[in-house]
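Below: one structure, written as C-alpha cells.
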Amino acid sequence: MAIDFTLTAQQRELQLASRKFAREVLAEASKAEFLATPEQRFLATRPTYEAMVAAGYLRKCIPAPAGGDNTGLLDMAILAEEFYCVNPSVTLTMLGTVLGLLPILLGGTPDQCKRLLVPFLKTSGAPLAGFCSSEPGGSANAGSPPPGEGVRTAARREGDGWLINGRKKWVSSATGWNREGANVLCVVCRTDPAAPPDTAISIIAVEGPVAGLVFERAIDTIGHRAHLVPQFGFKDVATPRHNLLGQEGTGLALTAAAFTGTAALVGIFGVALMRAAFEFALHFARTEKRGGVHAIIEHQAVGYALADAKTTIEAARYLSWRACHALDTQSPAAEELAVQAKIFGSEAAVRVITDLMRVVGIESYDHEAPFARLLQDALALPIFDGGNMGVRRRQLHAMFKRSDYDPLAASGAA
Amino acid sequence: VAIDFRLTASQRELQLQSRAFAKQVLRPAIEADALPTPEERFAATKPAYEAMVAAGFLRKCVPLSAGGESAGLTDTAIIVEEFYAVNASVTLTLIGTVLGLLPLLIGGTKEQRSRLLPPFLKQAGAPLAAFCATEPGGSANAASPPPGEGVRTTARFSSDRWIIQGRKSWVSSATGWDRQGADLLSVLCRNDPDAPAERGISIILVERPATGLVFERAIDSMGHRAHLLPQFALEGVSVPGDNVLGSPGGGLALTAACFVGAAALVGIFAVGVMRMAFDFVLGFARQERRGGIHPIIEHQAVGYALADAKIAMEATRGLCWRACQAVDMQSPGAEELAIEAKVFGSETAVRVLTDLMRVVGVESYDHALPLGRLLQDALALPVFGGGNIGVRRRRLHAILQRPDYDPLTACSQVEV
C-alpha cells in the first residue's frame with residue numbers, strides 16, 4: 001500500500017465504539033482516584049475493568065493466531081488513544097495485562113499459549129497478567145556484566161520445576177485484586193548464575209494464585225492513582241519446568257521485544273493526554289474572558305501556545321502510528337521508530353500539558369479542572385516502561401553505534 | 001557597595017537559623033499533606049505556623065520602619081529559600097500573610113498601620129492576612145475597560161462605611177483557621193462604578209470577624225496540599241470609612257506595587273524547590289547503580305543533566321537576588337527584574353524538576369520520594385501570583401512598549 005493515513009471503515013468503527021465506551025463506562029470510574037489508599041482505588045476500578053473485558057476489548061488486544069481478535073498494533077493504538085485520554089488507570093490495567101502476556105505471545109510455544117491464555121480469551125471476569133521485570137534498586141542495567149548485579153531475581157531447578165526467589169517492583173497489577181497474584185506473571189529471572197547476561201536470564205511464567213508471593217506495598221504514585229503498582233517478593237515460588245518461555249537464557253532479548261511493542265503505545269498515551277488537555281484549553285480559551293473584553297483566544301500569546309500544542313500532538317500521533325505500522329509489518333526500522341515514538345510522545349506530553357496549564361492560568365491548579373490529573377498521569381510516560389534516559393542509551397545510542405546503521409532505514413528509503 | 005554576592009555575617013546567621021528551623025519544625029509538619037481534605041490539611045499545619053510566628057519569622061518579614069525586623073527583601077529571600085522546599089504549604093501561609101499586609105505597609109497611613117499591624121508584630125498566635133485580588137472567572141484583565149468586567153467586587157460608601165459585595169478565589173488563607181476570615185483582608189474592589197479602572201478601584205481593609213464573609217469551598221489544589229486556597233463571597237461586609245488604603249481609586253497601582261516584591265520571591269520559591277530536588281538527585285546519582293557496575297553519575301547523560309540543572313538554578317538565584325536588591329533600592333529596573341525573576345524562575349523550576357525526575361527514573365513517580373511533591377508544588381509557580389502569560393503581557397510587554405524604555409536600565413544602577 002502507498003503512504004496513507006486514512007482509517008479503514010473498520011478502524012473508524014473501532015474508534016467510535018471505543019470513544020463511546022470510554023465516555024459511557026470509563027469516565028465514571030475516574031471517581032476511584034479520590035479514595036484514600038492505592039489498593040482501595042484499584043479495587044474500585046474492578047467493575048469497570050470487568051466491563052472492558054466483557055465488551056471484548058482485552059480480546060481485541062490479543063492476536064488472532066493466539067485466539068484473540070487483534071488485527072494489529074495500529075488498531076490497538078486507535079483504541080488506546082480513546083481509552084487513555086479518559087481513564088489512564090484502568091486503561092493501563094488492561095494494557096499492562098497485555099504487556100504481561102507479550103512474552104507468552106512472542107516467545108511461547110503453541111502449547112504454552114493454549115494453556116496460559118485461556119482466562120484472557122474469555123469475555124468475563126477480571127483477568128490480570130503482569131510482566132515482572134523491574135526490581136527494587138532499578139533495572140536500567142539488567143544486561144550488566146559482573147560486578148554489576150543486573151537481574152537479581154533467580155530461578156533454580158528443583159525437581160521437575162523452577163523455584164523462584166527475588167523481589168520485583170513497579171509491575172502493573174502484579175499482586176492482583178487480592179494480593180495473591182495476577183492470573184499470570186511473566187518473571188524475568190536469572191536461570192544460570194554463572195553465564196553472561198545474554199545467556200543467563202530467562203522469562204518464566206507463574207500462574208496465580210501464587211504461593212510464596214509476598215506483598216510488600218502498593219506504591220502511592222503521582223498519577224495513575226487508581227492503577228496498582230506494587231512492590232513484592234517471590235519466596236520459593238514453584239512453577240513447572242514447562243513454563244519457561246522461549247529458549248532458556250534468551251530472557252533479555254524477549255524482554256526487549258516486549259517493551260518495543262509497548263513503546264509505540266506509550267507514544268499514543270502521550271497523544272491521548274495531550275488531546276484531552278488541548279480540548280479543555282481550547283474550549284476555555286474560546287469561552288473565557290477572564291474579566292476582559294474578548295475571549296482569551298483573541299490574545300496572540302494564547303493562539304500561538306494552542307498552535308504549538310496542536311502541532312506537537314499531530315507530530316506525536318503520526319510518529320506513533322508509523323511505529324505501530326512498522327511493528328505490524330515487521331519493518332527493520334520498527335525498534336528505532338517505537339523507541340522514538342515513546343521518547344518523543346512522552347516528553348512532548350509533559351511539556352505540552354504544562355504549557356496549556358499556563359494558558360488556563362491558576363484555574364488549572366484546581367483538581368476540578370482536568371490538568372492536574374492529566375499531568376500527574378503524563379509524568380509517568382518518560383520514566384515507565386523503560387525510563388527515557390536508559391532507553392536512549394540501551395536502544396537508540398546502541399543502535400547508532402552499529403557500523404551498519406543507516407539513518408534512512410526508518411523512512412524505508414535506505 | 002559595589003557588585004557583591006557575599007552574604008553579610010547577619011545574613012549568614014539568618015540563613016543558618018532558617019535552615020535549622022526548617023529542619024526541626026517545617027519538615028515534620030509535611031505529614032499534614034496526607035490528610036484527606038484541604039481544610040484538615042491546613043488545620044494540621046497551625047502548630048507549625050504558630051512556631052514560625054513565635055520564632056519571629058513573621059516579624060522578620062515586616063519592615064523595620066513598620067515595627068518589624070526586616071532589613072529588606074533580600075533577607076526575606078534568604079529565609080524563604082530555606083523554608084519553601086522543605087514545606088511549601090506553611091511557607092506560603094507565611095508569605096501569603098506578608099502579601100496580605102503589603103497594601104497596608106506600602107499604601108497605609110501611620111494611623112492605619114498602628115491600628116492594624118499589632119497582631120502581626122507579636123510573636124504569638126497564628127495571625128493571618130490575605131490579599132484578596134483574584135475572583136472566580138479570573139482577574140487577568142482586572143484593568144479592562146467596559147465592556148470587560150474587570151474587578152467585579154464592589155464597595156459602596158454609605159453612612160461613613162464601605163459595604164463590600166462580591167466573590168474571591170485563590171486567596172491564600174483568606175477564610176482563616178475557622179472559616180470566619182483571616183485577621184486582616186486587603187480587598188480589591190470597585191468603589192466607583194463609573195470611573196475608569198485606574199481611578200475606580202481601591203483596596204479596602206476588612207478586619208476579623210468579617211460578618212458577611214461566606215465560605216464556599218477550599219480548593220483541592222494539585223500541590224501546596226496543606227495550604228488553604230478558598231473560594232468565598234463577601235456579602236454586604238461593612239467596614240469603617242477610614243479602612244480604605246491610599247486615595248480612593250488607586251487600587252490597581254497599589255496592587256501592582258505589591259506584586260513586584262512578591263514576584264521576586266516566587267523566583268526564590270523556584271530556587272528552593274530546584275535546590276532540594278537537585279540535592280536529592282545528586283545523592284541518588286552518586287549512590288545508586290541500578291543493577292550496573294558504576295553509580296549512575298558515571299553516565300555522561302546523567303552528568304550533563306545534573307550540570308544543566310545546577311546552571312539553571314544558579315542563574316535563577318542570581319537573577320532573583322538582583323531583583324530583590326533592585327526592589328530594596330527602589331531601582332528603576334526593579335519591576336522589570338522582579339517580573340523576569342518570577343517568569344524565568346517558575347518556568348525553569350518546572351522544567352528542571354521534570355528533567356531531574358528522568359535522571360532518577362520510575363522511582364521518582366513514588367510519593368515515598370520527594371520529587372512528586374516538589375513538582376506538584378512547583379507547578380503553581382508559573383500560574384499563581386499572576387499567571388505568567390498575563391504577567392508577560394501586563395507587565396513586561398507593557399514596559400517594553402514604552403517609548404522611553406531602555407534595556408540597559410536594569411543593569412545600570414550606579415552606586416550613590
Side-chain angles (χ1 to χ4, degrees), chain A residues 36 134-135 137-142 144-152 169-170 219-224 229 288-294 296 299 301-302 305 347 350-351 354 357-368 371-372 375-376 379-380 382-384 387-390 392-393, chain B residues 36 134-135 137-142 144-152 169-170 219-224 229 288-294 296 299 301-302 305 347 350-351 354 357-368 371-372 375-376 379-380 382-384 387-390 392-393:
Chain A
S134 296
E135 304 185 349
S139 297
N141 299 286
S144 174
E149 295 179 303
V151 173
R152 281 86 80 195
K169 191 175 177 184
W170 294 107
I219 296 166
D220 183 28
T221 49
I222 295 177
H224 295 90
V229 268
E288 286 284 332
K289 301 184 183 200
R290 314 312 284 164
V293 179
H294 307 291
I296 63 165
H299 288 292
V302 170
E347 297 182 4
V350 173
R351 192 180 66 247
T354 53
M357 281 181 72
R358 291 169 199 169
V359 169
V360 169
I362 187 70
E363 306 292 348
S364 69
Y365 201 59
D366 181 348
H367 271 298
E368 289 205 343
F371 291 96
L375 183 56
Q376 288 176 216
L379 284 163
I383 52 177
F384 80 171
N388 287 2
M389 292 207 79
R392 279 186 171 92
R393 169 170 58 89
Chain B
T134 305
E135 304 184 351
S139 297
N141 300 286
S144 176
E149 296 178 304
V151 173
R152 280 87 80 195
S169 190
W170 294 106
I219 293 167
D220 184 27
S221 55
M222 185 181 192
H224 297 90
L229 293 162
E288 287 283 331
R289 293 163 196 259
R290 314 312 285 163
I293 298 173
H294 308 291
I296 63 166
H299 287 290
V302 171
E347 297 181 5
V350 172
R351 191 181 70 246
T354 54
M357 280 181 70
R358 289 169 200 169
V359 170
V360 170
V362 77
E363 304 293 346
S364 68
Y365 204 57
D366 181 349
H367 273 302
L371 297 174
L375 180 55
Q376 287 177 222
L379 283 159
V383 291
F384 82 171
N388 285 1
I389 287 200
R392 278 186 174 91
R393 169 171 58 88

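None of the values given here were measured: they were computed from a predicted structure. Each chain gets a letter, A, B and so on, in the order its sequence line appears, and its residues count up from 1.
- With a 4.5 Å cut-off on side-chain heavy atoms, B/D220 and A/E368 do not count as touching.
- Residue B/S169 does not touch chain A at all, counting heavy-atom pairs closer than 4.5 Å.
- Distance alone, capped at 3.5 Å, places no donor-acceptor pair between the B/R289 side chain and the A/G148 backbone.
- Tested against A/T354, the residues B/T354, B/L375, B/V350 include a single side-chain contact (heavy atoms from CB on, under 4.5 Å) partner, B/V350.
- The shortest distance between side-chain heavy atoms of A/M357 and B/M222 falls below 4.5 Å.
- Both the backbone and the side chain of B/E363 come within less than 4.5 Å of a heavy atom in chain A.
- Heavy atoms closer than 4.5 Å to chain A are found nowhere in B/H294, neither backbone nor side chain.
- Interface summary for chain A: among B/R393, B/E347, B/E149, B/H367, the most heavy-atom pairs under 4.5 angstrom belong to B/H367.
- Interface summary for chain B: among A/A36, A/G387, A/P147, A/S139, the most heavy-atom pairs under 4.5 angstrom belong to A/P147.
- Using a 4.5 Å cut-off between heavy atoms, B/R358 contacts chain A through both its backbone and its side chain.
- Interface remark: B/R152 contributes side-chain atoms only to the contact with chain A (heavy atom separation under 4.5 Å).
- The choice from B/G387, B/P145, B/G292 that makes the most heavy-atom pairs within less than 4.5 Å of chain A is B/G292.
- With a threshold of 4.5 angstrom between heavy atoms, A/D366 approaches chain B through its backbone and through its side chain.
- Between chain A and the options B/D366, B/V302, B/T134, heavy-atom pairs under 4.5 Å are most frequent for B/D366.
- Taking CD1 from A/I362 and CD1 from B/I219, the interatomic distance works out to 7.5 Å, rounded to the nearest 0.5 Å.
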